[in-house]
Amino acid sequence: MKKILISVITILAVTTATIGATQALFTDEEVSTGNTFTAGTLDLTVDGVNGTQVKSFTMNNMKPGDRFGRKYFILKNNGSVTGIPKICLTNLVNTESNGTTEYENDGNPGELGDNLSLIVDVEGSWLMTAGHKLNTFDGRCWTPTDPADNEFATKGKETLEAGETMIFGIRLDLPENTGNDVQGDSVTFDLEFSLEQAN
């Protein structure tokens, strides 16, 4: 009888455990669907043009006292991501005249770049270049991240928001006291415009 009682108790215990294990609990489930991630864009145009075919400028037959400028470029962020503007003067090359006067072909290229004064600006405010000569700016970049270029900040152009524009200007002066050694010389350079993602 004792064995039967133990068997019944065991069966009841197993049955109770099984019922407890299969007993349902309340649940509530929600699903987040359609999660999408899209990369933003950073797209700079200069005067409405993408790529390398932005406008260039030429001035021939300069003489002491001549002023070229200002030449303006309109930078626009056509992307969706905020960017930091940067303009660099690169590939500056002075070429010596091959003329026949006593002031030409003197074997010292660079006199024109040594005499031309460069002035650049953002939105009409000079970027502290007045009086400095063109040759000293080869490889120079202007950007709001450089403390020397705080005019970006004064004009509210530390960054270019999506759809925002900025005007960058350049002016070249050949001072009246320029000597004869620049006769026939020429100088070329590139301006590189870029946007870098802002944090």
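Bear in mind the structure is a predicted one, so any value in this text is a computation, not a measurement.
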*Taking all heavy atoms of Gly79 and all of Ala162, pick out the closest pair and write down the distance.*
O-CB, 3.2 Å
*asked:* If you apply the rule side chain to side chain contact (heavy atoms under 4.5 Å, CB included), what do you find for Asn135 with Asn115, and how did you get there?
replied: CA-CA 8 Å; Asn135 280 348; Asn115 282 275; over 6 Å; no
*Starting at CD of Glu123, measure out to CZ of Phe152 and round the result to the nearest 0.5 Å.*
10.0 Å
*Decide yes or no for Glu164 and Thr82: does some side-chain heavy atom of the first lie under 4.5 Å from some side-chain heavy atom of the second?*
no
*Side-chain donor-acceptor pair under 3.5 Å between Asp43 and Asn77, yes or no?*
no
*Taking Asp181 for the side chain and Glu111 for the main chain, is one N or O donor matched with an acceptor at less than 3.5 Å?*
no
*Polar side chain donor-acceptor pair, Asp190 to Asn91, under 3.5 angstrom*: yes
_Point-to-point distance, once rounded to the nearest 0.5 Å, from NZ of Lys155 to CG of Asp121_ = 9.0 Å
_Would you say NZ of Lys76 has more than 12 non-hydrogen atoms from neighbouring residues, nucleotides or ligands within 6.0 angstrom?_
no
*Hey, what do you get for OG (Ser194) to CG (Leu44), rounding to the nearest 0.5 Å?*
7.5 Å
*asked:* Please check this pair: side chain of Lys157 against backbone of Glu151, looking for a donor-acceptor N/O pair closer than 3.5 Å.
replied: no
_Show the nearest heavy-atom pair for residues Leu195 and Leu42, with the distance to one decimal._
O-CD2, 3.5 Å
*Short question: side chain of Asp146, backbone of Trp142 - any donor-acceptor pair under 3.5 Å?*
no
*Is the closest side-chain donor-acceptor distance between Asp185 and Ser97 under 3.5 Å?*
no
*asked:* For Glu176 versus Pro64, what's the shortest heavy-atom pair and its separation?
replied: O-CB, 3.6 Å
*Might you point out which heavy atoms bring Glu158 and Pro85 nearest each other, and give the distance in Å?*
O-CD, 3.7 Å
_Nearest-0.5 Å distance that lies between atom CZ in Phe168 and atom CG in Leu191_ = 6.5 Å
_Less than 4.0 angstrom from a charged side-chain N to a carboxylate O is my criterion; do Lys133 and Asp173 meet it?_
no
_Asp47 (side chain) donor-acceptor with Ile74 (main chain) under 3.5 angstrom_ = yes
*Counting distance only, does the side-chain N/O of Asp66 pair as donor-acceptor with the main-chain N or O of Lys63 below 3.5 Å?*
yes
*Could you tell me whether Phe73 and Phe193 have their ring centroids closer than 6.0 angstrom?*
yes
*Drop me the distance from Thr159's OG1 to Ile84's CD1, to the nearest 0.5 angstrom.*
7.5 Å
